[in-house]
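Written out below as structure tokens is the structure these notes cover.
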Amino acid sequence: MELSQFEGLTLGIESSCDDTSLCVLRGSSEILCLKRVSQANLHAEFGGVVPEIAARGHLEAIFPLLREVLLESSVQLSDIDLFAATAGPGLIGSLLVGFHMGKTLALMSQKPFVAVHHLEAHFCANFLEQEVLFPAVGLLVSGGHSSLYFLREQGIYELMGESRDDAVGEVYDKVGRELGLGVNAGPLVDKIASSIKDKCALEFTPPMLHSKDFDFSFSGLKTAALKACRDGYNKEDICCALQNAVVEVLLKKTIAAQKETRAKSIVLAGGVAANSGLRNAFSKASQQGRFVLSVPSLRLCTDNGAMVARAGLERYLRYGADSLHTQAFSRFPLHNYKDFRQ
Ligand code: KG4
Ligand code: ZN
């Protein structure tokens, strides 16, 4: 069946890290209800996500959330035609909560189940809202990944480069924490950085800007920013300098990858795709350059059940359902990914 002909309901379940999110999707792109419960409060006193607490947090949140999304979508569990849940990569204890819930609901309802790759789901957030032109270059930036892929066609991901150390989101979170902005501080660092209207008084060298490959490195930048925090530089200047360096290197390498591959479009995905500096810089470049930009709306950038539902539906229509023996994995590269049936 063609995607556009599918009129059924998919339940998307996401629990790979510290957000529990469920979505009822009608057809290929109509979001009937999308809800997310953040665990930021649970982890605040520890300064980062504690895996054991995250898994327990999902367990507590997920059943009330299921009731809410069904109620607000005005559908019964028996109306759901397909169950899709994130199978990896992520924290294994967290993954297992949503993954097993998806399998159990599918078994109870005698409906198909699909295991979803979290990173593919991030790219699929784009397909919910717009037509993406292929071939494309995909920049995936989140709390755990900073990678460039060549998307020859939908569902085919070739790794062009990745961070050799920290992920961009991780750097934002650690610098934000040092500045006293709490956990998952990326959005706050972004907000402070964007509040500077004049030239920023501090400057960090964008890492690996002139290397010939498509790899990144962000740990040196993180160290420089953390040192500036301890040296007493002002918060606004640190956030602004960090954002400028990150945006410059991500933009330059992604455009170089697009030129080399002659891709028709650039697709942004992952939590850091919500960053205002990054969105503005890519939007400006696409107006001047020869590529179409695809970027999800803000609520679909960070982890959510809607992207999981869409990714699950695409795989189901192309490859059929997954067995209930399918496992979840904490590590699972997207490059050369076919499915979770090992
Ligand atoms: O994709 P995501 O929800 O979870 C992972 O798969 O990792 O990404 C979360 C990451 C966090 O590090 C968060 O601080 C960062 O995305 N993030 C941002 C912004 N919004 C979320 N980083 C910078 N600027 C933002 N506006
Ligand atoms: Zn994610």
Side-chain angles (χ1 to χ4, degrees), residues 12-21 23 34 36-40 43-44 47-49 51 54 58 85-91 94-95 98 116-126 138-147 162-163 166-179 181-195 218 221-222 225 238-247 249-250 267-282 295-308 310-311 330-334:
I13 306 170
E14 161 61 36
S15 71
S16 64
C17 188
D18 58 342
D19 285 323
T20 321
S21 179
C23 172
L34 167 60
R36 176 178 12 224
V37 175
S38 160
Q39 296 184 357
H43 303 283
V49 177
H58 286 301
T86 302
L91 299 172
S94 291
L95 283 167
V116 170
H117 195 297
H118 182 75
L119 304 185
E120 174 162 60
H122 270 304
F123 280 120
C124 286
N126 283 280
L139 174 67
L140 190 118
V141 271
S142 69
H145 296 84
S146 303
S147 315
E162 62 187 336
S163 176
D166 295 355
V168 189
E170 194 183 334
V171 175
Y172 269 82
D173 292 342
K174 293 211 168 126
V175 172
R177 192 175 73 195
E178 187 68 26
L179 290 171
L181 304 173
V183 291
N184 285 343
L188 281 179
V189 173
D190 178 14
K191 202 169 160 198
I192 295 172
S194 316
S195 69
F218 294 107
L221 181 61
K222 177 185 73 184
I238 296 171
C239 295
C240 175
L242 173 67
Q243 187 128 315
N244 286 347
V246 163
V247 169
V249 70
L250 290 177
V267 183
L268 303 187
V272 184
N275 184 273
S276 63
L278 199 66
R279 294 169 85 93
N280 290 340
F282 273 94
V295 50
S297 58
L298 290 180
R299 74 170 179 156
L300 297 182
C301 285
T302 38
D303 292 349
N304 67 83
M307 67 184 197
V308 177
R310 174 64 185 243
S330 59
R331 287 172 169 270
F332 214 95
L334 182 60

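Counting convention: from 1, in listed order, for ligands and their atoms alike.
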About how many Å separate [atom2] of [Y] and [atom1] of [X], when rounded to the nearest 0.5 Å?
X	Y	atom1	atom2	value
Ile192	Leu242	CD1	CG	11.0 Å
Asp173	Glu178	CG	CD	13.5 Å
Lys174	Asp166	NZ	CG	5.5 Å
Leu91	Cys17	CG	SG	5.0 Å
Gln39	Ser94	CD	OG	6.5 Å

(request) Could you tell me whether the Zn ion (ligand 2) has an N, O or S atom of His122 under 2.8 Å away? (result) yes
(message) Between His118 and the Zn ion (ligand 2), is there a contact where an N/O/S atom of the residue lies under 2.8 Å from the metal?
(response) yes
(message) I need the contact type for Thr302 against ligand 1. Using non-hydrogen atoms and a strict under-4.0 Å cut-off, is it side chain, backbone, both or neither?
(response) both
(request) Please state which part of Val272 comes within less than 4.0 Å of ligand 1, counting heavy atoms only: side chain, backbone, both or neither. (result) both
Counting from 1, what ligand 1 atoms have a heavy atom of [X] closer than 4.0 Å?
X	answer
Gly169	12 (O)
Asp173	11 (C), 12 (O), 13 (C), 14 (O)
Ala274	20 (N), 26 (N)
His122	1 (O), 6 (O)
Gly144	7 (O)
His118	6 (O)
Tyr172	23 (C)
Gly186	14 (O), 18 (C), 19 (C), 22 (N), 23 (C), 24 (N), 25 (C)

(message) Using the side-chain hydrogen bond (donor to acceptor under 3.5 Å, both in side chains) definition, which of the options Thr302, Thr86, Thr20 pairs with Glu14?
(response) Thr86
Before signing off on this row, confirm whether [X] and ligand 1 have an N or O atom pair separated by under 3.5 Å.
X	answer
Gly143	yes
Asp303	yes
Asn275	yes
Ser276	no

(message) Could you check whether any heavy atom of Cys17 sits closer than 4.0 Å to an atom of ligand 1, since that is the contact criterion I want to use?
(response) no
(message) Suppose we measure from atom 26 (N) of ligand 1 to each protein heavy atom; which comes out shortest, and what is that distance?
(response) Asp190 OD2, 2.9 Å
(request) Just need the protein heavy atom nearest to atom 21 (C) of ligand 1, so name the residue and atom and give the distance. (result) Gly271 O, 3.4 Å
(message) Less than 4.5 Å apart, side chain to side chain, heavy atoms only: is that true for Arg299 and Asn304?
(response) no
(request) Measure from the side-chain N and O atoms of Ser146 to the backbone N and O of Ala167, and report whether any donor-acceptor pair falls under 3.5 Å. (result) no
